[in-house]
Structure formats: structure tokens, C-alpha cells
Amino acid sequence: MSHDTEIQGRSQAEYEFGRRKSAEKMRKQVINFAIMIFLTFIAFATVVADFAPTFIKPIILLLAGIQVVLQLYSFMHMDEKEAPYIGVISTFVWVGAIIAFTFFLAFNTIIWW
Amino acid sequence: MLDTKFTPQTWPEHPEQVTQEGKNKYVGIWIFICSDIVLFASLFATYISLRNRGPAGMEFTSQELFELPLAFVMTMFLLTSSLTSVIAMYHLKNYNFKGVQLWTLATVLLGLGFLALEIYEFYHYVHIGFGYTQSAFSSAFFTLVGTHGLHVIIGLVWMLCLVFRNAKRGLNLYNAPKYFVASIYWHFIDVVWVFIFTVVYLMGVLG
């Protein structure tokens, strides 16, 4: 059956090592979360602070980009190189991003008012 | 195999990736997410090209419509729910079923808070005359943000079903991938929201 697999018991040392590793990963993710909150705060603050829009717009887009990369690679585990089909997943995500960019380009240059 | 009782010691390090079923779910949710990226890309592009447009004389401008404090609180709700979902996955790896259920429920509660604020926001807009059919701008706005809201509702129902269906089952290799996949989906909803609050709300207020 598709659920079947070989399970090998882990030794006490392996088990403790695994626990430590996942605790460490959790700590990293909490730090990433703090960074995301901070970036969100900065983005809102720059808009409220009333700088010139031509100056703010690239900055908040950049902040959004950083947040998305953090989400994808930390929270959504795209950084796990040993995950199944990770190559397929990366390919799909980046092709999706390229198609998304094409939409922006098409709708905002070919369609005008 | 599926009924095997585990202890934290025998629980595999990547319970969501051990079975063929789990591997298939893992790549499956990502292929779905990539099709969703394309869906949202078209809605975003539509919104950007139709923003502030409408039949002559009926335009609303995004500067006077959007309020940042509400968008900020909604963002905080959704970002925090992303963290609680990550904590649930941490407990999944450590074979702590109570932790998984509790933090998944916390995610659902934060998601509900977000949804309530969004419904309030939509209600407010319709109340001041900015209904779905009012202008090109309003149609594009409600379609984009409403599609995201629909994703939130689906995610909430999904996670609630997981929590209740598995309440007496405990963790095993059958449901571990299910929790994991729901968590990935929830993070994706957060990714889309990051773009919505930047492109729709922040850039809308900037004009």
C-alpha cells in the first residue's frame, strides 16, 4: 500500500540530536517571524510618515519581497534540500513567479486608458 | 502500518515525508499553490490596471477609501496565525499530538479574527456606496480581496475538519502529512496577504 514504509527505530543519541535540531529550527523560525513583524511595521510606518511616494513605493515592494522569501524558505520549508521532489517544487514556484510577472507586464502595458 | 503506535523515540524525523502518500501530498500541494499563484497574479494585474477607474463621475479613490489601522491589525492577525501554524508543525515533529491540536486551533481562532475584520470592512464599504457593481475599481478590489478571503474560509474549514476528525485518533503516519499540507496552504494564504497589504492598502493610500 502507498502508506507502507520501513520505519527504523532511532537510538537515544539520534533521538536527542533530532529533538535539538528541531528546537533549533523552531528558534530560527521565531527569529524570522520577528523579522517579518518588524518589516511589516517599517512598511506601514514609512507610509504613515508621509515621505514622497516615488521614494516609498520601491521600498515597500522590496520589504514585501523579503517577507515572501522568508515565508517560502523558512515557514514553507523550501530550504529543506532533502525534501521529496524539492526540485520540482522550486521549478513550479519560480515558473509561477515568471508567469505572474508576465501578467503584470501585459495588463499594465498592453492595456491602457 | 497506519495503526502502528509510535513513541516520541520511534516517530520518524520527517513524519510527513516517510510514506509515498506523504511525498505525493507534499509535491501535490505545491503544484496546487503554483496554479494559485497564477490565479492571484491575474487578479492583482487586473486590480492594478483598474484601480481608481469607474464610470465617469462615480469614481472612489483608494486614498479616501482605505484605512491603514484596520489593514495593520488584519496583517498582524494573519502573520501571527502563520507563527502558530509553524509551532503546530514543531509539535508534529516531536510527536506531541496535544500541541498539534492546540496550536492548529489557535491558528483557526486567529484566522477567524482576520475574517471577522474583513467582513466588517466589506460591510462598511458597501454601506458607503462602494458595492461590487459600483465601478471597475470596486469589482477588481472585491474580486481580488474576496478571493483571498475565500481561501481563508477554505483553510479554516480544512483545519477544523482535521482537528475534529483526528481528535480521538492521535498522530500517525496517515494524518501527519495532512496536517503538514494544511500548514503549507495556510502560509501561502499569508504570502498572498503580504502582497495585498502592500499593493492594495499601502500603495492605495499613497495614491
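From a predicted model like this one, the values you see are computed outputs, not experimental measurements. In what follows, chains carry the letters A, B, and so on, assigned in the order in which the sequence lines appear, proteins first and then strands, with residues in each chain numbered from 1. Note: hydrogens, waters and symmetry copies are ignored here, and every other heavy atom, side chains too, is used.
When A:I56, A:T102, A:V68 are compared by the number of non-hydrogen pairs under 4.5 Å with chain B, A:V68 comes out ahead. Contact tally against chain B (heavy-atom pairs below 4.5 Å) for A:Y15, A:F75, A:F104: the top residue is A:F75. Contact count versus chain A (heavy atoms, under 4.5 Å) is highest, among B:I33, B:I37, B:V199, B:V192, for B:I37. Interface check for chain A: of the options B:I184, B:D190, B:I87, B:L83, the most heavy-atom pairs under 4.5 Å are formed by B:L83. By number of non-hydrogen pairs under 4.5 angstrom with chain B, the leading residue of A:F44, A:F103, A:F101 is A:F44. If you tally non-hydrogen atom pairs under 4.5 Å between each of A:S22, A:A97, A:G96 and chain B, the highest count goes to A:S22. When each of A:Q29, A:H77, A:M78, A:M36 is scored by its heavy-atom pairs under 4.5 Å with chain B, the top score falls to A:H77. Considering only heavy-atom pairs separated by less than 4.5 Å from chain A, the leading option among B:S183, B:S85, B:S42 is B:S42. Chain A forms the most heavy-atom pairs under 4.5 Å with one residue out of B:V191, B:V38, B:N94, B:V194, and that residue is B:N94. Most heavy-atom pairs under 4.5 Å with chain B: of the set A:E82, A:M76, A:R19, this distinction falls to A:M76. Contact count against chain A (heavy-atom pairs under 4.5 Å) is highest for B:F197 among B:F44, B:W186, B:F197.
The side chain to side chain donor-acceptor pair (under 3.5 Å) search around B:R169 returns B:N166, not counting sequence neighbours. A:E80 meets the salt bridge (Lys or Arg N to Asp or Glu O under 4.0 Å) test with A:K25, B:K93; sequence neighbours excluded.
Interface residue B:T46: backbone and side-chain heavy atoms are both found under 4.5 Å from chain A. Contact annotation for A:L61: both backbone and side-chain heavy atoms come within less than 4.5 Å of a heavy atom of chain B. For A:V88, the part lying under 4.5 angstrom from a heavy atom of chain B is the side chain only. In this structure, the portions of B:Y26 lying under 4.5 Å from any heavy atom of chain A include both its backbone and its side chain. Residue A:I37 touches chain B through both its backbone and its side chain, counting heavy-atom pairs closer than 4.5 Å. Contacts of B:P177 with chain A are absent, with no heavy-atom separation under 4.5 Å from either backbone or side chain. Interface residue B:V205: only side-chain heavy atoms are found under 4.5 Å from chain A. Of the atoms belonging to B:F40, not a single heavy atom falls under 4.5 Å from chain A. Of the two parts of B:H14, only the side chain, counted from C-beta on, holds a non-hydrogen atom closer than 4.5 Å to a non-hydrogen atom of chain A. At a 4.5 Å heavy-atom cutoff, B:L39 makes no contact with chain A through either its backbone or its side chain. Neither the backbone nor the side chain of B:Y201 comes within less than 4.5 Å of any heavy atom in chain A. Residue B:T75 touches chain A through its side chain alone, counting heavy-atom pairs closer than 4.5 Å. For B:T80, the parts lying near chain A are the backbone and the side chain together; criterion is any non-hydrogen pair under 4.5 Å.
The ring of B:F66 has its center closer than 6.0 angstrom to the ring center of B:F141. Ring centroids of B:F137 and B:F60 are separated by 6.0 Å or more, keeping the two rings apart. Aromatic ring centroids of B:F114 and B:W193 lie under 6.0 Å apart.
At distances below 3.5 Å, not a single donor-acceptor pair connects side-chain atoms of B:E16 with backbone N or O atoms of B:A176. Side-chain atoms of B:N24 do not come within 3.5 Å of backbone N or O of B:E21 as any donor-acceptor pair. Here the side chain of B:S135 pairs no donor or acceptor atom with the backbone of B:G54 at under 3.5 angstrom. Proximity of a side-chain donor or acceptor of A:S74 to a complementary backbone N or O of A:Q71 within less than 3.5 Å is not detected.
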Please assess B:M74 against B:Y120 for the test side chain to side chain contact (heavy atoms under 4.5 Å, CB included), listing each intermediate value before the final yes or no. CA-CA 11 Å; B:M74 285 164 80; B:Y120 162 76; over 6 Å; no
Please determine whether side chain to side chain contact (heavy atoms under 4.5 Å, CB included) holds for the pair B:W158 and B:C161, giving the CA-CA distance in whole Å, both sets of side-chain angles, and the decisive distance to 0.1 Å. CA-CA 5 Å; B:W158 185 358; B:C161 287; 5.6 Å; no
Dump the intermediate steps for side chain to side chain contact (heavy atoms under 4.5 Å, CB included) on A:L63 and A:I42, then the final yes or no. CA-CA 8 Å; A:L63 292 178; A:I42 298 274; 3.8 Å; yes
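Residue pairs meeting the side chain to side chain donor-acceptor pair (under 3.5 Å) criterion with at least one member in residues 146-157 of chain B, sequence neighbours excluded: B:D36-B:H151.
The existence of a salt bridge linking A:K21 and B:E13 is confirmed by a sub-4.0 Å separation between a basic side-chain nitrogen and an acidic carboxylate oxygen. Between A:E16 and A:R20 there is no salt bridge, since none of the side-chain N atoms of the basic residue sits less than 4.0 Å from a carboxylate O of the acidic one.
The 12-atom threshold is not exceeded at CZ of A:F92, counting heavy atoms of other residues, nucleotides or ligands nearer than 6.0 Å.
Residues of residues 45-55 of chain A lying under 4.5 angstrom from chain B, judged on non-hydrogen atoms, are A:V47, A:V48, A:P53 by number.
Across every non-hydrogen atom of B:V18 and B:K23, the tightest pair is O-NZ, 4.2 Å. Contact detail for B:N96 and B:L171: the closest heavy-atom pair is N-CD1, 4.3 Å.
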